[in-house]
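All values below come from the heavy atoms of this structure, side chains included, with hydrogens, waters and symmetry mates left out. All values derive from a computational prediction rather than experimental measurement.
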Amino acid sequence: MALSPLPGQLHVDATLGGGGHAVRILEATTPDGRLLGLDADQAAIARCAIRLAPFGERVVLRQANFEQLAEVAADLGHDAVDGILFDLGLSSFQLADDERGFSFRSSGPLDLRFDARHGRPASDLLATSDERELTRILRDYGEEPHARRIAKAIVDERQRSPIDTAAQLAALVERVVPAPRGRRRTHPATRTFQALRIAVNRELEVLPRALAAALELLRPGGRLVVLAYHSLEDRIVKRFVAAERRGCICPPAVPVCVCGRAPRLRPIGPTPGFPADSEITANPRARSARLRAAERLAA
């Protein structure tokens with residue numbers, strides 16, 4: 001495990017999901033290691049409260065977006081931790097929840113929010129955004145090559161009837177996106193759903209703030225581990241680690257460093273790390289995972 005947890009240490013799982021990582025951390029830190037678990041999804045918190053109950057008071061769970069990491073840690077009196085994990089992917093439980101719209105086959109509401117208390121559902125975004133804005137969202141957040149065509153189809157369709165379910169949107173995209181030569185590896189609406197999910201949850205906006213908060217919370221020698229599943233997230237993590245590894249932020253034209261900013265992170269292991277074939281066989285969704293790990297340097 002890239003975190004290398006040890007007995008007695010304090011870790012943060014900033015994206016609990018199904019609780020699998022949390023279990024492994026708690027087992028590795030037995031008998032007295034502790035874990036703070038965060039998730040924006042109330043269902044994930046409820047599920048993990050049951051799964052992690054055998055670990056008793058060693059676990060504290062909070063429903064919160066990881067951008068609130070510093071605030072939650074301060075409330076609990078944690079000023080330094082030994083490791084922080086971000087697993088940025090969707091959980092299998094979210095994909096299976098018909099009321100959230102994460103699955104292309106869902107006949108429930110097209111919501112896509114991790115935390116239903118905040119923001120607006122994806123169906124509202126589709127109903128109110130003009131064609132230009134929809135094109136931008138699909139292009140910038142989904143890297144969708146057919147963004148303009150899909151956006152136009154959405155605007156045309158909503159004039160006839162609202163696009164309220166994931167199944168409706170998936171079928172629309174499938175109709176307008178040209179079929180590739182050979183066998184299609186992923187559903188044609190994959191990038192569209194990714195883009196809308198990122199937009200409604202502000203994922204690319206909050207991630208840099210969460211990484212910065214994590215770095216401040218890590219004690220020297222502590223580890224930051226991030227699992228990303230698409231290039232946009234991975235690029236943010238890559239640039240963050242590179243900047244903190246470099247330290248100095250003086251312009252290239254300045255011959256001698258005057259900012260005095262020292263490196264604060266040291267990358268660990270292959271950068272990025274990729275899943276083994278056996279992992280992909282056991283969990284095909286892991287095929288796109290990219291792992292980056294770094295150690296906090298002394299101030």
Side-chain angles (χ1 to χ4, degrees), residues 15 17-18 40-41 43-44 47 87-116 119-129 131 133-204 227-233 275 280-289:
T15 49
D41 188 342
R47 187 166 50 246
D87 184 346
L88 302 175
L90 279 173
S91 74
S92 299
F93 296 99
Q94 288 169 326
L95 286 169
D97 188 345
D98 197 52
E99 295 303 310
R100 309 285 285 283
F102 291 108
S103 170
F104 304 133
R105 295 182 293 275
S106 173
S107 59
L110 181 62
D111 195 307
L112 300 183
R113 288 175 295 174
F114 296 141
D115 186 347
R120 56 177 178 156
S123 56
D124 282 5
L125 190 65
L126 294 185
T128 59
S129 301
E131 185 176 329
E133 177 63 6
L134 287 171
T135 299
R136 184 195 67 79
I137 290 171
L138 299 178
R139 183 188 61 240
D140 293 354
Y141 297 157
E143 299 178 303
E144 171 56 67
H146 305 289
R148 183 172 297 177
R149 179 182 299 186
I150 296 170
K152 184 179 186 306
I154 289 171
V155 172
D156 291 344
E157 179 65 25
R158 75 189 187 193
Q159 292 175 353
R160 292 186 285 270
S161 62
I163 304 171
D164 291 329
T165 70
Q168 282 178 282
L169 177 61
L172 182 151
V173 175
E174 197 166 19
R175 286 198 306 270
V176 301
V177 171
R181 294 179 181 178
R183 186 175 180 180
R184 194 193 298 269
R185 290 189 61 190
T186 59
H187 194 285
T190 298
R191 293 176 184 271
T192 296
F193 274 70
Q194 172 188 300
L196 293 174
R197 193 197 76 223
I198 288 173
V200 300
N201 292 293
R202 301 164 34 252
E203 294 176 42
L204 302 186
L227 279 162
Y229 294 83
H230 59 75
S231 61
L232 298 173
E233 288 176 333
I280 296 173
T281 300
N283 177 20
R285 289 180 53 236
R287 66 183 180 274
S288 59

Next on the checklist: Once rounded to the nearest 0.5 Å, what's the spacing between atom CD of E144 and atom CD of Q194?
Outcome noted: 10.0 Å
Checklist entry - For G101 and A166, which heavy atoms make the closest approach, and how far apart are they? => result O-CB, 3.4 Å
Checklist entry - Is any side-chain heavy atom of L112 less than 4.5 Å from a side-chain heavy atom of L125? => result no
Checklist entry - Side chains of I150 and R191: does their closest heavy-atom pair fall under 4.5 Å? => result no
Item to check | Which atom of A195 lies closest to which atom of G142, heavy atoms considered | outcome: CB-N, 3.5 Å
Checklist entry - Do you know the tightest heavy-atom contact between S231 and E143? => result OG-OE1, 2.8 Å
Checklist entry - Of the non-hydrogen atoms in T135 and A147, which two are nearest, and what is the gap between them? => result O-CB, 3.7 Å
Item to check | Heavy-atom pair of closest approach, residues N201 and F114 | outcome: OD1-N, 2.8 Å
Checklist entry - Under 4.5 Å between any side-chain heavy atoms of E233 and L204, yes or no? => result yes
Checklist entry - Between Q159, R160, K152, which is the residue that forms a side-chain hydrogen bond (donor to acceptor under 3.5 Å, both in side chains) with D156? => result K152
Item to check | Between CD1 on residue I163 and CG on residue L169, distance to nearest 0.5 Å | outcome: 6.0 Å
Checklist entry - Hey, does L232 have a side-chain heavy atom less than 4.5 Å from the side chain of E203? => result no
Next on the checklist: I'd like to know if the side chain of R120 reaches the main chain of V200, judged simply by a donor and an acceptor atom lying under 3.5 Å from each other, with no hydrogens or angles considered.
Outcome noted: no
Next on the checklist: I need the F102 CZ to D111 CG distance, nearest 0.5 Å.
Outcome noted: 7.0 Å
Checklist entry - How long is the gap from CG on D124 to CZ on R113, to the nearest 0.5 Å? => result 8.0 Å
Item to check | From L126 atom CG to L196 atom CG, the distance as rounded to the nearest 0.5 Å | outcome: 5.5 Å
Checklist entry - How about Y141 and R197: do any of their side-chain heavy atoms sit closer than 4.5 Å? => result no
Next on the checklist: For the CD atom of E157 and the CD atom of Q168, what is their distance to the nearest 0.5 Å?
Outcome noted: 7.5 Å
Checklist entry - Does S288 reach the main-chain N or O of H230 with its side chain, forming a donor-acceptor pair under 3.5 Å? => result no
Next on the checklist: Testing the basics here: between V176 and A153, what is the closest heavy-atom pair and its distance to 0.1 Å?
Outcome noted: CG1-CB, 3.7 Å
Item to check | Neighbour count above 12 (heavy atom, 6.0 Å) for R148 CZ | outcome: no
